[in-house]
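Values in this document were obtained by computation on a predicted structure and should not be read as measured data. Labels below follow one simple rule: chain letters A, B, ... track the order of the sequence lines, proteins then strands, and each chain is numbered from 1.
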Number of protein chains: 2
Amino acid sequence: MKRQITIKDIAIKLGLSTSTVSRALKDHPDISPKTRTAVKELAGLLGYRPNRIALNLRNNSTRTIGLIIPEIEHYFFSAIINGIEEIAYKNDYSVMVFQSDESYKREVINTQAVLTNRVDGVLVSFSKETNDFSHFQKLIDNEIPVVFFDRVIEDLPADQVVADDYHGAFLAVNHLIEKGCKRIAHFAAPQNLLIGKSRLSGYHDALLKHNIHFDHELVFLADTYETSKKAAHDILRKPNPPDGFFAVNDMSAIAIIKAAKELGKRIPEDIKVVGFENSKSAAICEPELTTVDQFGFELGREACLMLLKRLKDPTTTETFKPIKKVIKTKLVVRGST
Amino acid sequence: MKRQITIKDIAIKLGLSTSTVSRALKDHPDISPKTRTAVKELAGLLGYRPNRIALNLRNNSTRTIGLIIPEIEHYFFSAIINGIEEIAYKNDYSVMVFQSDESYKREVINTQAVLTNRVDGVLVSFSKETNDFSHFQKLIDNEIPVVFFDRVIEDLPADQVVADDYHGAFLAVNHLIEKGCKRIAHFAAPQNLLIGKSRLSGYHDALLKHNIHFDHELVFLADTYETSKKAAHDILRKPNPPDGFFAVNDMSAIAIIKAAKELGKRIPEDIKVVGFENSKSAAICEPELTTVDQFGFELGREACLMLLKRLKDPTTTETFKPIKKVIKTKLVVRGST
DNA sequence: GAAATCAATGCAATCGATTGAAATTAAATT
DNA sequence: AATTTAATTTCAATCGATTGCATTGATTTC
């Protein structure tokens, strides 16, 4: 195994001490110009690179951010990673990615991995299964700043970055109503997720505004392609089916469109559908999907910026005031409505 | 800043030396059962976690894998990350993700970042722009094993994992011919990428097999949604347009379908289209896309396994024999043909 | 010419954990 | 009781870089 060039190698070759070499490399005023240039020259020649691990140990910092995320494969999350990485990169941080695969158990292990890797801070969007948050509290107890994004929890001393879920949902449903829908179904995310609740309540309030009765029977727990397709099939076969659908994400909305078409319904003539996310797929499906743009890239950027701010100005647990940042959402109208 | 519990804290509290504590924690036979249990008990009580950074320094290893990838947002790459993460996780490795954004310059910086972070090994799929590979050679010079996947280079001492691009392309084009296509166009990736070359040659040989003239005029450089849509529009407006398309990836194929539909062509009656990737979008577009499954998840798994094998049994540069693993591809026939 | 000043460099401790070798203690043997 | 053997534990060096505090040698000042 070839050894890396160390400061010691340079010191020995030049007959100096490691301290002098160290100082020379960082332009310490004590060092004479002659030795300074000599050191720098040799360092360049040998291809010296400071050993980050040694610095990590000394500074008790790794310039690394941990990212705990349900599933990379979702467009929304990969867009977020993109935003995170951009900011991290600009600030000379690296990103370690951990997937929970929507599993609480796996997520707990992720938090442990993040601890052993001694990351400087953590960005989290937790799993659908997660109802107990003590593993995140443990991170905070270890003085590791945590920023939640998209799927957030309010009663933990941690910052939050979310899309304006309520408003986005309101816009979506309002749009359906204005387009003439009388019976609007909502395919919702689990209600332990704040996004699930917020979007439901946006749906509810938009109905309210137009004096449409809120019917529990029209709200379904369906936030994946498979569950949504099945649910849509069931619902559309029943008497008096909905003429409008507001789905909690694009894949769910696309599944509804697929199911409707399979049953011979025309979109948007018979049924109108709105999604939430504005993924690549929304622009691909037929007809193209009206959806709420969640600006994942921006969300990732903001979350990372927030974390970096905490890393720069650490606060004690006592004086910590969580900040909540809301990213505007926007309705993108396309052929499905 | 709250200090982490160290081995020293335990040693002092129990009136022992750090060496004894260290040995007790790892069940060294020299340590008496009494002290062993005492140490372990206190360690548990204080919530001691070994400082990974200190271990990193001592072992000159970080149990971290660097991943350099063009763009996370592509389904194919996120599927690969998924596979990589699964294997890494099982083997107690963490993954650091670096995106090149298809930029050579950024990729060079990524390799530097990977070096300063002292990862144990690197997985690479390089950018479209990359024609000079000395930055990867530098990694290898630093004794960091490199495994290339999908976009690989043959003349570097590094393992490779690729899909069976040639065969997949052959299958795709053969399928188009058997479905009656006489004039088949190919939307290709840049020819500096081996995948570009292999898929083109699969296309070429399938034509050859059926005694169809290979026409340079029918091969286009178009591997993104935007460029493909524009190219398809142009081609389909010309006299004697193709009746079949083989695209180098799904987004390109979907763009062709979109363009064709905009021009009033029916799919698959007037035009047949085959993609390459088998992304989520392929099952969503209308008609559903016939495509070659690239098994990104498997590919990621294999690449990571290969790297871990190199980490377990390091070879010297002299005796290094690159291994190339080929993942089988499979034609998935759907409505577009 | 002795004392004070200053520039340049080296020493040694530190970060946290590990480990070969030495030292201490206890037990067993003669 | 003296000596060997075995069982525990500690010492000190190591990984690579940094940094407060000497130390050295040269120059200036009185």
Side-chain angles (χ1 to χ4, degrees), chain A residues 1-40 42-43 46-64 115-120 142-143, chain B residues 1-40 42-43 46-64 92 115-120 142-144:
Chain A
M1 189 72 174
K2 206 185 71 178
R3 248 190 55 265
Q4 290 277 339
I5 303 294
T6 73
I7 226 169
K8 205 174 164 189
D9 299 319
I10 300 176
I12 291 172
K13 279 228 169 86
L14 292 178
L16 291 168
S17 71
T18 58
S19 357
T20 307
V21 174
S22 170
R23 290 191 176 104
L25 286 170
K26 34 175 44 192
D27 293 324
H28 194 286
D30 275 2
I31 304 303
S32 74
K34 212 175 64 184
T35 50
R36 190 206 319 276
T37 52
V39 166
K40 283 193 175 176
L42 186 60
L46 297 177
Y48 167 77
R49 310 185 120 259
N51 187 328
R52 176 74 149 260
I53 306 175
L55 292 174
N56 287 347
L57 178 59
R58 185 153 227 285
N59 304 332
N60 200 31
S61 137
T62 52
R63 284 200 93 75
T64 296
L115 268 175
T116 55
N117 279 292
R118 290 292 206 276
V119 299
D120 292 349
N142 278 276
E143 307 274 335
Chain B
M1 190 73 174
K2 206 183 73 178
R3 247 192 55 266
Q4 289 278 337
I5 303 294
T6 73
I7 227 171
K8 205 173 165 187
D9 297 321
I10 300 175
I12 292 172
K13 278 227 170 85
L14 292 177
L16 290 169
S17 72
T18 58
S19 356
T20 306
V21 174
S22 169
R23 291 194 171 100
L25 286 170
K26 35 176 42 190
D27 292 325
H28 195 284
D30 275 2
I31 304 302
S32 73
K34 213 176 62 186
T35 50
R36 191 205 321 276
T37 52
V39 167
K40 284 193 173 176
L42 185 59
L46 298 177
Y48 166 77
R49 309 187 123 259
N51 186 327
R52 176 75 148 257
I53 306 176
L55 292 174
N56 288 347
L57 179 58
R58 184 153 227 285
N59 304 332
N60 199 31
S61 137
T62 53
R63 284 201 93 74
T64 297
D92 195 26
L115 269 175
T116 56
N117 278 292
R118 291 293 207 273
V119 300
D120 292 350
N142 278 276
E143 306 275 335
I144 298 179

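For B:S17, the side chain to side chain donor-acceptor pair (under 3.5 Å) test picks out B:S19, B:T20, with sequence neighbours left out. Not a single side chain to side chain donor-acceptor pair (under 3.5 Å) links B:S22 to another residue, sequence neighbours left out. For A:T64, there are no side chain to side chain donor-acceptor pair (under 3.5 Å) partners at least two apart in sequence or on another chain. Not counting sequence neighbours, the partners of B:S61 by the side chain to side chain donor-acceptor pair (under 3.5 Å) test are B:D120.
Here the straight-line distance linking atom CD1 of A:I53 with atom CG of B:N60 works out to 6.0 Å at 0.5 Å rounding. With rounding to the nearest 0.5 angstrom, the OG1 atom of A:T18 is 10.0 Å from the CG atom of A:L16. For the atom pair B:L25 CG and B:L42 CG, the distance stands at 9.5 Å (nearest 0.5 Å). A distance of 5.0 Å separates CD in A:Q4 from CG in B:N142, rounded to the nearest 0.5 Å. We find the OG1-CG distance between A:T6 and A:L46 to be 10.0 Å, quoted to the nearest 0.5 Å.
If you check every strand for non-hydrogen atoms under 4.0 Å, A:L55 touches sugar and phosphate atoms only. Counting any heavy atom pair closer than 4.0 Å across all strands shown, B:L57 reaches a base atom.
Atom pair A:I10:CD1 and D:dT18:C1' shows a separation of 15 Å (rounding to whole Å applied). Atom CG in A:N51 sits about 10 Å away from atom P in D:dT18, given to the nearest Å.
Applying the salt bridge (charged side-chain N to carboxylate O under 4.0 Å, His left out) test to every pair with at least one member in residues 12-30 of chain A, sequence neighbours left out, gives these pairs: A:D27-A:R36, A:D27-A:K40. Residue pairs meeting the side chain to side chain donor-acceptor pair (under 3.5 Å) criterion with at least one member in residues 48-59 of chain A: none, sequence neighbours excluded.
At its two ends the helix from C:dG1-D:dC30 to C:dT30-D:dA1 runs along axes set 80° apart, each axis drawn from five pairs and the angle rounded to 10°.
Put simply, chain B comes within 4.0 Å of DNA chain C, heavy atom to any atom, from C:dG16 to C:dA21, going 5' to 3'.
When each of B:K26 and B:A54 is assigned the nucleotide of DNA chain C bearing its nearest heavy atom, the one mapping closer to the 5' terminus is B:A54. Mapping B:R58 and B:R118 onto DNA chain D by nearest heavy atom places B:R58 at the nucleotide closer to the 5' end.
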Next item on the list: Can you check each nucleotide of nucleotides 5-10 of chain D against protein heavy atoms at under 4.0 Å and return B for base, S for sugar-phosphate only, - for none, in 5' to 3' order?
Entry: ---BBB

